[in-house]
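Positions are given from 1, in the same order as the sequence printed here. Both backbone and side-chain heavy atoms feed into the values below; hydrogens, waters and symmetry mates do not. Counting starts at 1 for both ligands and their atoms, following the listed order. Predicted model, so just to flag it, every value in this text is computed and none were measured.
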Amino acid sequence: MSMSETQRSIFITGGASGIGRAVAVFFAERGWFVGIADIDQAGMAETMGMIRDGGATTHTLDVRDRAAWDAALAEFAKAAGDRIDVVFNNAGIGDGGPLVDQDEGELTRMLDINLKGVIFGAQASHPYLVKTAPGSVLLNTASLAGIIGAPGLAAYCATKWAVRGLTESLDAEWAADGIKVSALCPGFIDTPIIGKVSDASNQTAKETLIENGVEVSPVSIVPEVVWRAVHGDDLHYTVGKMAKRLRRMQRWMPGLVRKEMRKGGIGAEI
Ligand code: NAD
């Protein structure tokens, strides 16, 4: 199928895996033209293989590179009939552990990808989203870790709180442009990001979470929330029951959340 004039388009970073991939496939199935952007070319090819011919393009993009953002968006806009309706600013990494054990390189990488990369993405997207406004959307992937602070995730939480700050600021700043800006706040989702083996416990984060009775949701629950975010008008969209519950608790019972976090983090009882 070729790009038609009225077909809407979505540019997705982190499209080679997990949430980005699931969202790419979901939107393509609903007739959207999809831009899959990532540093992982093999992963992008796999996502592409899940989408019918002509429904998507791939773009090698390191979100830390401001000029590369301009190049990738220009390339995608051209392929998408000169329009970008939605930018899903989603690429991120999830290293954790006690802050004192994280070295400078690890911390810098985390800040660069999860924060600088998202800010660059917002800035680079603006000229395209202005053209398709009203109704165009910047959706930034924050996290439940952007709503509560959790031990073992200090730097990660800092980046995700920052993404929510960026989102709230741009929601106000771009309102007059007719661009909607929202943050996606998933709880734990079963993707490769939580599949890495931790040095301390010799098990994956996913195994540790499940052992502690913590909810880990399938990635299939995410695209519907992204769809709602793209078509809705809220500022924050939680994904999964735990994220919803904890967001409510953080609002109404912050002392209880703090107490539980000081006991060791998210467990079955919270
Ligand atoms: P994932 O590891 O499956 O996917 C992340 C993707 O980002 C990968 O394809 C990776 O190659 C890409 N990426 C990493 N660095 C990049 C860079 N510099 N430039 C471009 N692409 C880069 O993980 P996921 O769970 O799909 O994560 C997607 C987003 O969701 C992240 O921002 C993550 O922090 C957030 N998130 C995930 C969870 C979860 O439990 N899985 C929960 C809350 C928030």
Side-chain angles (χ1 to χ4, degrees), residues 11-26 35-48 58-69 71-73 87-96 106 108-121 124 139-148 150 153 155-164 166-167 183-196 204-210 214-223 225-226 229 236-240 242-244 246-247 266:
F11 184 84
I12 301 172
T13 65
S17 179
I19 291 172
R21 168 177 291 171
V23 170
V25 172
F26 187 94
I36 303 159
D38 210 291
I39 41 172
D40 174 2
Q41 292 180 350
M44 283 196 287
E46 256 184 70
T47 305
M48 194 70 176
T58 59
H59 307 271
T60 302
L61 168 65
D62 186 329
V63 293
R64 293 169 287 187
D65 182 341
R66 180 65 183 80
W69 262 104
L73 288 173
V87 173
F88 183 31
N89 209 358
N90 165 72
I93 57 169
D95 299 332
E106 196 179 333
T108 303
R109 202 170 114 79
M110 167 79 68
L111 293 168
D112 283 354
I113 296 174
N114 286 14
L115 179 53
K116 203 164 86 177
V118 175
I119 295 176
F120 283 173
L139 179 63
N140 301 314
T141 301
S143 173
L144 169 59
I147 297 172
I148 56 163
L153 286 172
Y156 180 77
C157 283
T159 65
K160 295 301 186 179
W161 279 62
V163 168
R164 282 211 307 129
L166 173 81
T167 303
L184 188 74
C185 301
F188 291 109
I189 307 293
D190 191 2
T191 73
I193 216 171
I194 61 164
K196 276 179 259 153
T204 63
K206 178 182 165 185
E207 286 163 346
T208 310
L209 289 166
I210 290 171
V214 179
E215 176 188 297
V216 176
S217 304
V219 72
S220 57
I221 73 165
V222 184
V225 182
V226 170
H236 304 115
Y237 289 85
T238 53
V239 184
M242 183 181 67
K244 196 173 181 181
L246 274 165
R247 185 176 175 217
I266 298 169

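- The N/O atoms of S143, backbone and side chain alike, include none that comes under 3.5 Å of an N/O atom in ligand 1.
- Given atom 25 (O) of ligand 1, the protein heavy atom at minimum distance is T191 OG1, 2.6 Å.
- At least one heavy atom of P192 sits closer than 4.0 Å to an atom of ligand 1.
- Considering each of I189, D190, D40, the one bringing a non-hydrogen atom nearest atom 41 (N) of ligand 1 is I189.
- Atom 9 (O) of ligand 1 has as its closest protein heavy atom D38 OD2, 2.6 Å.
- In the vicinity of G18, heavy-atom distances shorter than 4.0 Å reach the ligand 1 atoms 3 (O), 26 (O).
- Not close to ligand 1: R21, with no non-hydrogen atom less than 4.0 angstrom away.
- In terms of polar-atom proximity, defined here as any N/O pair under 3.5 Å, G20 makes no such contact with ligand 1.
- Between T141 and ligand 1, not a single N/O pair is under 3.5 Å apart.
- Using a 4.0 angstrom heavy-atom cutoff, A142 counts as in contact with ligand 1.
- Looking at N114 next to ligand 1, no N or O pair under 3.5 Å apart turns up.
- Below 4.0 Å from some heavy atom of D62 lie the following atoms of ligand 1, by number and element: 17 (C), 18 (N), 19 (N).
- For atom 42 (C) of ligand 1, the closest non-hydrogen atom on the protein side is G187 O, 3.1 Å.
- Evaluation of the salt bridge (charged side-chain N to carboxylate O under 4.0 Å, His left out) rule for E46 yields R21 as partners, not counting sequence neighbours.
- Polar contact with ligand 1: absent for I113 (N/O pair, distance under 3.5 Å).
- Below 3.5 Å of separation, one finds an N or O of I19 facing an N or O of ligand 1.
- Considering only non-hydrogen protein atoms, atom 7 (O) of ligand 1 sits nearest to G14 CA, 3.5 Å.
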